[in-house]
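Single-structure report; data block below.
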2 protein chains.
Amino acid sequence: MDNVAADLSQDRPRLGRSSTAERVADILRDRISAGFFQPGQRLSEETISEGLGVSRNTLREAFRLLGHERLLDHKLNRGVFVRLPSAEDVADLYRVRRVLEGAAVRRKPDKQALKGLKEAVLDAERAAAQDDWQGVGTANIRFHQALVSLNDSPRIDESMRQLLAELRLVFHVMENPRAFHEPFVDRNRTLLGLIEAGEPEQAAAYLDDYLDHAERLLIHAYEPNR
Amino acid sequence: MDNVAADLSQDRPRLGRSSTAERVADILRDRISAGFFQPGQRLSEETISEGLGVSRNTLREAFRLLGHERLLDHKLNRGVFVRLPSAEDVADLYRVRRVLEGAAVRRKPDKQALKGLKEAVLDAERAAAQDDWQGVGTANIRFHQALVSLNDSPRIDESMRQLLAELRLVFHVMENPRAFHEPFVDRNRTLLGLIEAGEPEQAAAYLDDYLDHAERLLIHAYEPNR
DNA sequence: CTTGTCGAATTGTTCAACGATCCTTACGTT
DNA sequence: AACGTAAGGATCGTTGAACAATTCGACAAG
């Protein structure tokens, strides 16, 4: 656990702006998202507060923030753990996606949002050509974030951001990212085509099938050990 | 003997559910929801920590929780204030409602959920008969919470809970609650009828009109002073 | 093998302190 | 009189230490 403190101290310079607790939360969020802290792992108050050079109280405020984002699991008197979503969680995440993305494809897209979708598709294709499946995953996430932004609602955007961060936790427990991400590069392009063509009902139907497929694939490849 | 363990594990969440900070958050949430703390009002750390008999640090953890729920507004070095939603916020809240409730009415309702809807409608009608417009508002909120629960997703339920709590802030700034709540008692019954009749498209259309009407009425009656 | 007990380790909460920041008020300059 | 500004007080932001409460593993007893 000592090299953890050493590694974290690299992030200390980032402590120059806004509230310390929020900056700590940003750092931890990035670390979790990048897989540096793995799902199920316990985050020691002492080790991390020492590593980042902040007090325990400040760190605890940051923990509360991330707990509310469902990235951390706060167990009373036992500490905080990087969340390890259950299969039931995955199913619920996909229920939410069906609602948010389904509503999105039925709306008339504006140019700005379409541009974001196109770029995400291109990025995914580029990354796939280089066998960079981590990159494909990231571009894929950007695609769906852009998709949901068609709803034109800051609150929905924020919900989707959280949802995708949570989903990233699931990806980190998967052993074979390629098998999961690869099929969706083409699907994204097809879905984009239907949206551009102004065929909302077709797009919605395609999306439903898309999400069913993704969920099945994901739950199948996902065996968390509680 | 193994199914005993499986059965008990359902009660696991109930174990980790009491920390002073969370209990403080519960209290403050209730107070805000009841209008005891009014939108725009500043909550002094010293006064409240003293009043509740908890330390400033613990209170601050509670503040963070409520801030994330958008009930409190945390301004750096200036303190926390009960959130006072802007007109733009109201518009966004209704955008989210259209998505969540729209998806709900298109789903096949199960008996359990229908029961909740019926009870909420009855409660609203009872309260209206007694000129209890506060009660009508509460029942109305229950109706829409039950409506959204048709989506059968814990995360969506939670989002809706937060959304309605935020909307309650708006109601507290309104001068004439009756004018706002009265028209929707009948509307709720009509909407329930369409759902029971198995007419999702009609119900969706009626709901859209419903929400348009409510939003217009609300924004019109709402002039927050920032 | 199960149960009871002890102790180390960690979290939950409080308290006091000090620097940083914001708001108000009063003051002096133009 | 209008304006910028400097001083003061109030409050927040953060820290460090302290102690109680709880968990967990180890070990002994039955």
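Predicted, not measured: the structure shown is a model, and the values here were computed from it. Per chain, numbering begins at 1; letters A, B, ... match sequence-line order.
For the pair Leu76(B) CG and dT14(D) P, the computed distance is 7 Å after rounding to whole Å. Nucleotide dT11(C) holds its P atom 14 Å from the CG atom of Asp73(A), rounded to whole Å. Here dT14(C) presents its P atom at 11 Å from CZ of Arg60(A), a figure rounded to the nearest Å. One atom, CD of Glu61(B), and another, P of dC15(C), lie 15 Å apart when rounded to the nearest Å. Between the CD atom of Glu45(B) and the C1' atom of dC22(C) there is a distance of 14 Å, rounded to whole Å. Atom CD of Glu46(A) is separated from atom C1' of dA9(C) by 9 Å (rounded to the nearest Å). Computed from coordinates, the Arg42(B) CZ to dC22(C) C1' distance equals 11 Å when rounded to whole Å. One atom, NZ of Lys75(B), and another, C1' of dG13(D), lie 18 Å apart when rounded to the nearest Å.
Which of dC22(C), dT14(D), dT23(D) sits closest to the side chain of Asn77(A) comes down to dT23(D). Taking only side-chain atoms of Asn57(B), from C-beta outward, the nucleotide of dC12(D), dT13(C), dT14(C) with the closest atom is dT14(C). Of the candidates dT14(C), dT10(C), dT11(D), dT14(C) carries the atom nearest the Ser55(B) side chain, counting heavy atoms from C-beta on.
A side chain to side chain contact (heavy atoms under 4.5 Å, CB included) with Arg60(B) is found for exactly one of Glu61(A), Arg64(A), Arg60(A), namely Glu61(A).
Contact between the side-chain N/O atoms of Thr58(B) and the OP1/OP2 oxygens of dG12(C) is not found at any separation under 4.0 Å. Residue Arg56(B) places none of its side-chain N or O atoms closer than 4.0 Å to OP1 or OP2 of dC15(C). Between Thr20(A) and the phosphate of dT14(D), there is a side-chain N or O to OP1/OP2 separation shorter than 4.0 Å. Using a 4.0 Å cut-off, some side-chain N or O of His74(A) falls inside it from OP1 or OP2 of dG12(C).
Checked against the 6.0 Å centroid threshold, His74(B) and Phe81(B) do not count as a close aromatic pair. Aromatic pair Phe184(A)/Phe143(A): centroids not less than 6.0 angstrom apart. Between His144(A) and Tyr210(A), the gap from one ring centroid to the other is short of 6.0 Å.
A donor-acceptor contact under 3.5 Å is not formed by the side chain of Arg78(B) with the base of dG13(D).
In this structure, Arg31(B) places its CZ atom where only 12 or fewer heavy-atom neighbours from other residues, nucleotides or ligands lie under 6.0 Å away.
Closest-nucleotide positions on DNA chain D for Leu59(A) and Ser44(B) were compared, and the one nearer the 5' end corresponds to Ser44(B).
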